[in-house]
Structure formats: structure tokens, C-alpha cells
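Because the structure is a prediction, the values reported are computed rather than measured. No hydrogens, no waters, no symmetry mates; every other heavy atom, side chains included, goes into these values. All residue numbers in this chain count up from 1 along the given sequence.
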Amino acid sequence: MKTNQVIKAPTGSELTCKGWQQEAAMRMLMNNLDPQVAENPDELVVYGGIGKAARNWESFHQIIATLKKLENDETLIVQSGKPVAVFKTHDHAPRVLIANSNIVPSWANWDHFYKLESEGLMMYGQMTAGSWIYIGAQGILQGTYLSFVEAGKKAFGSADLSGRLILTGGMGGMSGAQPLAGKMAGAVTLVVEVERKRIERKINEGYCDYLVTDIDEALQLVNKYRQKREAVSIGLVGNCADIFPAIYEKGIVPDIVTDQTSAHDPINGYIPNGMRFEQALVLRKNDPKAYEEKAKAAMGVHVQAMLDFQASGSEVFDYGNNIRAYAKEMGVENAFDFPGFVPVYIRPLFCEGKGPFRWAALSGDPEDIYRTDRLVKEMFAEDASLVKWINMAQKMIQWQGLPSRICWLGYGDRHRFALEVNKLVATGEMKAPIVFGRDHLDSGSVASPNRETEGMKDGSDAVSDWPILNALLNTAGGASWVSVHHGGGVGMGYSQHAGQVIVADGTKEAAEKIKRVLITDPGMGVARHVDAGYDIAIETAKEKGIHIPMMDSEV
């Protein structure tokens, strides 16, 4: 069911709900569907193919109505985007508990999901779509930047990618961060995107510099800016399964190759090659099964080209869309010869409890975010890379919906920072409360054997106890809302993950919750990696005084 209504979150300091916890949940849900933020708000789709904020428009409006009436000692239960109950709990309990897309393991596949969805029983929550903490492409921007920088260090011994070429695919809600992240890292970034309007949107948002429709024109721009060692981003309209092999056949060897198309969803997230975009959409509608097979076949071609680049000397990695699994299914036996980004670049940060921490200003005033930027630079002045990140973000990121910021803070830093922000809210220096959340892609909140937990040291890649424990602990700690999802990022059957959001409203109660949740949440990440045997995590736990009963030093 489509609608032509435009959803915008209320702003300012006036409450429309009975408390700021409920108000924050309502505003962030609405912000997810702001046309500046969402990919397809008319159909409640936020990003990632069919990642939705609510199951249908009736459910959306009922969630809003319920949040407005919800008491400060009640909890709303949301099942796959549908509000199903309100229960009396207590004032330190979450105001909302959310479960999205969870299916009993033997039934956890796209076919069964689509059956349930067609019967109105389920929606796909992705990660931050159905948990109401999506902040647009900025949400993955720092992680993408860090991945590119670490790839440079590993392959070339330098974080400076000046004169280097990054070749990648996808320019949707999350993948649209790639052109700007590459530019921040100093590279020339060529992004292949089949849907022209997505490139146009990213140009309008300041994430991309050029739109071209011809491969030779794109490569001329690449050569021009590589020679000048000038950072620039180029969006090329085309299909990765056509363009990647064509670039390889021309004898061009990019320095870094990756991909972030929505390949996790072969029907709604990836376009088959060898046909016009409009033809593909007709096939998708008329014969989804035939479409799916063609899409998977194209993924095989796509991945084979990435393997060819790797053999030629490119630094190649999977950026978390499960494309390797589908390519292997289609006969590319060595699809997993190039690694995922987490084990090769990000895991050391996870071991320290670091991950994509984020916050948003409920006031709608960018000055509130600029004030938090100053606070970050004051509190963590010794961290040159973090200060550099904040300076770049201020200069290069345009606001989408409610002003927000992404900042990878770790165990011991998140709660200290949030407590200081809570004080600023209390004194009126902030015009309204600040919402703190994170991606589900975090240190201890996800089990995803082809992404975040790929190649765990102890072989525990598929153990999904950890995200469930994370959600239980955040609920016990009093997060403002907590979510447990299945399938986000990599598709049905491939992941389990959890999210939490907490509101700094300036009260003593908020400070107490912050001290609990923003210690335990990243602390679970440290504990998870200690349990897997990572030395960095073990040292972090010892240094920070995290009680791990089974650590050798305590046996």
C-alpha cells in the first residue's frame, strides 16, 4: 500500500508524548521515513531493498498513536513492525521492545519470509530501519572510511589513498556512503550504480561529484584525477556484472575493489545484467523466480571479476552484502577467496568495544550537534584520528532529516561522553534531548558468519547467543528501546542481531540508565571477543576492569 503523505519528525522542545523516551521513539521512527532519509518512504522502505520502518501504514499510525498515549511505566511491544500489546512495566524499563523478521531456523529463508510477508504477518526490518535509528548514509560513513583507510595500510603501507583508485558498486541508502568515504580517504572512487536516480540523489546530498553514463568517460575522469592526486567521486550508471568485467578486460587494475549493492536480497536488492533497468523491474514483477536466478547468475559474474582483480594485484574485500555466498551457489567455487571487511580491517576495533556509535538532535537544530562535536574534540583531544574525523564530518556531511553524527567510540568512552551530553541537556545548553544509538553492526550485538563474525578465532561464527544476550542485558539496563532482528545486512538465514537506543533528556534517571547501558552494551563486545580468545580483547578487559569469570588470570 502506497501513500503520498510526507512524514517529518517534530522538532523543538515541546512534547507531544507523555515523556521524552516515547517522544524520542516517535521522532526517530518518523525520521526514518523522512524523504531526505528513506529510499522509498511511500512504501515504508528505509534502505536495503525492503528494509521497513513499520509493517504497513495502519501499523505505523497505530504505533504513533500508542506512543503518544504511552505512560512512563508502560512498554509497547512491536512484532515485525506491528504494535501488538502494551504492558505495565516500570519507569526504568524500555518504553518499546521490538522483534523483526525472526523465523524459526529451519524455516529461515527468503521463500518462507516472502510467504509470511504476503500474508501480512511479517516485514523485513534490516538493521536500523525497523529499529528506528537510521540516520541516512552518514550511519555507515565512518565505518566505510575506516575500512578504506585500513585497506590502504594493509596493501600499500599508508592510510593516504591519494592517487589510488577504489572501484565499488552500489549507491543506495547505505552504499551511498562509499563515494564520500573514498573521497575522505583521499582516493579517486568509481562507484557503479544501475539506477541513475540514486547517483543523482547522492550528488544532491554532497556524497558524489560526477554522474557519467559511459565507461570510457568514467575512466578518463579516473585517469585525470589520479594523475593530479586529487580526491574525487564518480558515479557510473551501469550494472556491476557488466562494468567490472569490462574494466578488467581493459587491463585496468584498481588499487581497491569492493561492492555494497544490496545483494543480500536477490529479488529486491540486485539487478540482473544484460537487460535494461526498466526491463528488469518488469521481470521482477511478472516472474520473481526467473528474476532471482538471473540476479544470482549476475552476482556470479560480478564476483568472478572481483576475483580476477584480486589475482591481478587489487586489494579486494567483501563489504558485507553476502554476494560471495550467492556467487558460490551459482558455481563460483572460490568465491570466498577474498575476505570480508570485518576480519581483515575492523575486528581489532570490535575487540576494544568500538563500533558505529551515533546520536541525533531531537531539537532539529544543527547547533546541538555542533556542540557535541566540540565536546568530542575536548574529551578525546589526544585521539588525533577521531578529531580529524569530526573535522571532516563537519565540513563534508550534509544533514538528512534530524541532524546527527556518527562517531566510533568504544568501551569506557561512550558512557562518559553521553553523561556529559546529558548535563548539557539539563543546563539548557542543548535545545532538546539527544538520542544515542548505534548500528546493529557493532562489537557484541551480531552473529553473521559471512560478515561481522566471519572467521572468528574460536570457530564461533554462527553462535547467535551473543546478540540475544546483548538485547536482554540492554533491556535489564533500561535502554529506551531495544530490538532483536534476523537477516539484516546479509539476508534471511544468515544473521541475528540486536540494537539499543537511549535518550539523554537531562534527568538523573537518564544518567543512571546511561551509566548502565553504555557500559554494558559495548562491554558485551569485549566479552564476546575475550571468549573467542582475542588478545586485544583480553587486554582491554584487564585494563578496563571488566569481570570475565573464565579468563585465565581469574581461574
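- Ring orientation note: the planes of F436 and W359 are tilted relative to one another, at an angle of 30° to 60°.
- Residues forming a salt bridge (charged side-chain N to carboxylate O under 4.0 Å, His left out) with E543 (at least two apart in sequence, or on another chain): none.
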task: Would you please test L441 and F350 for side chain to side chain contact (heavy atoms under 4.5 Å, CB included) and show each step?
output: CA-CA 10 Å; L441 184 162; F350 280 0; 3.6 Å; yes
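- Annotation: the span from H302 atom NE2 to M330 atom CE amounts to 15.0 Å, rounded to 0.5 Å.
- Counting heavy atoms from C-beta outward, R416 and L419 have side chains that stay 4.5 Å or more apart.
- Looking only at distances, no side-chain donor or acceptor of Y124 sits under 3.5 Å from a matching main-chain atom of G48.
- From D439, atom CG reaches atom CZ of R358 across 5.0 Å, with rounding to the nearest 0.5 Å.
- With hydrogens and angles ignored, the 3.5 Å screen pairs no side-chain donor or acceptor of S314 with any backbone N or O of V253.
- In this view, F156 satisfies the ring pair (Phe, Tyr, Trp, His ring centres under 6.0 Å) rule with no residue, not counting sequence neighbours.
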- prompt: Run the side-chain hydrogen bond (donor to acceptor under 3.5 Å, both in side chains) check on S175 and Y319 step by step: do they pass?
  reply: CA-CA 9 Å; S175 55; Y319 199 42; over 6 Å; no
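- Remark: side-chain polar atoms of S483 are not paired, donor with acceptor, to backbone N or O of L97 under 3.5 angstrom.
- At least one donor-acceptor pair closer than 3.5 Å links the side chain of W481 to the backbone N or O of S131.
- Here ring pair (Phe, Tyr, Trp, His ring centres under 6.0 Å) pairs that include residues 504-540, with residues two or more places apart or in two chains, are H529-Y534.
- Looking at L362 and M28, their side chains come closer than 4.5 Å, going by heavy atoms from C-beta outward.
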task: Step by step, work out the side-chain hydrogen bond (donor to acceptor under 3.5 Å, both in side chains) result for D259 and T261.
output: CA-CA 6 Å; D259 168 68; T261 56; 2.9 Å; yes
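- Side-chain contact between D535 and I538 is present, with heavy atoms from C-beta onward closer than 4.5 Å.
- Checked against ring pair (Phe, Tyr, Trp, His ring centres under 6.0 Å), F380 has no partners two or more places apart in sequence or in another chain.
- With a 4.5 Å cut-off on side-chain heavy atoms, E352 and I536 count as touching.
- Here E230 pairs with K228 under the salt bridge (charged side-chain N to carboxylate O under 4.0 Å, His left out) rule; sequence neighbours left out.
- Here OG of S445 is found 12.0 Å from CG of L473. Values are rounded to the nearest 0.5 Å.
- For R371 and D368, the salt-bridge test fails: no basic side-chain N is under 4.0 Å from an acidic carboxylate O.
- In this structure, the side chain of R324 engages the main chain of N450 through a donor-acceptor pair within 3.5 Å.
- Not counting sequence neighbours, the partners of R438 by the salt bridge (charged side-chain N to carboxylate O under 4.0 Å, His left out) test are D442, D521.
- Expressed to the nearest 0.5 Å, how far CD1 of I234 lies from CG of L167 amounts to 11.0 Å.
- The closest donor-acceptor contact from the side chain of N322 to the backbone of H264 lies at 3.5 Å or more, if one exists at all.
- In terms of modelled atom types and a separation under 3.5 Å, the side chain of T75 and the main chain of P94 share a donor-acceptor contact.
- No side-chain heavy atom of Y47 sits under 4.5 Å from any side-chain heavy atom of I140.
- Scanning for side-chain hydrogen bond (donor to acceptor under 3.5 Å, both in side chains) contacts around K423 gives E420, with sequence neighbours left out.
- Considering only residues two or more places apart in sequence or on other chains, T475 meets the side-chain hydrogen bond (donor to acceptor under 3.5 Å, both in side chains) condition with none of them.
- Remark: side-chain polar atoms of Y134 are not paired, donor with acceptor, to backbone N or O of A53 under 3.5 angstrom.
- Between E452 and R528 there is no salt bridge, since none of the side-chain N atoms of the basic residue sits less than 4.0 Å from a carboxylate O of the acidic one.
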query: Are K52 and N100 close enough, and set up right, to give a side-chain hydrogen bond (donor to acceptor under 3.5 Å, both in side chains), and what steps lead you there?
result: CA-CA 10 Å; K52 297 172 73 173; N100 282 315; over 6 Å; no
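- Remark: W389 pairs with Y145 by the ring pair (Phe, Tyr, Trp, His ring centres under 6.0 Å) rule, at least two apart or across chains.
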Would you list the atom pairs, donor with acceptor, under 3.5 Å between side chains in residues 332-346 and any protein atom, with sequence neighbours excluded?
{"unit_1": "N334", "atom_1": "ND2", "unit_2": "D337", "atom_2": "OD2", "d": "3.4"}
{"unit_1": "Y345", "atom_1": "OH", "unit_2": "E315", "atom_2": "OE2", "d": "2.6"}

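- Looking at residues two or more places apart in sequence or on another chain, you find no side-chain hydrogen bond (donor to acceptor under 3.5 Å, both in side chains) involving T453.
- Side-chain atoms of R414 come within 3.5 Å of backbone N or O of L409 as a donor-acceptor pair.
- Of the possible donor and acceptor atoms, one in the side chain of T258 sits under 3.5 Å from a partner among the backbone N and O of F317.
- L161 is not listed as a side-chain neighbour of D255, based on a closest heavy-atom distance of 4.5 Å or more.
- From E193, atom CD reaches atom CD of Q178 across 10.0 Å, with rounding to the nearest 0.5 Å.
- Counting only residues at least two apart or on different chains, the ring pair (Phe, Tyr, Trp, His ring centres under 6.0 Å) pairs with a member in residues 484-507 are H440-H485, H440-H497, H485-H497.
- Separation of atoms CG (N474) and OG (S480) is listed at 11.0 Å; rounding is to 0.5 Å.
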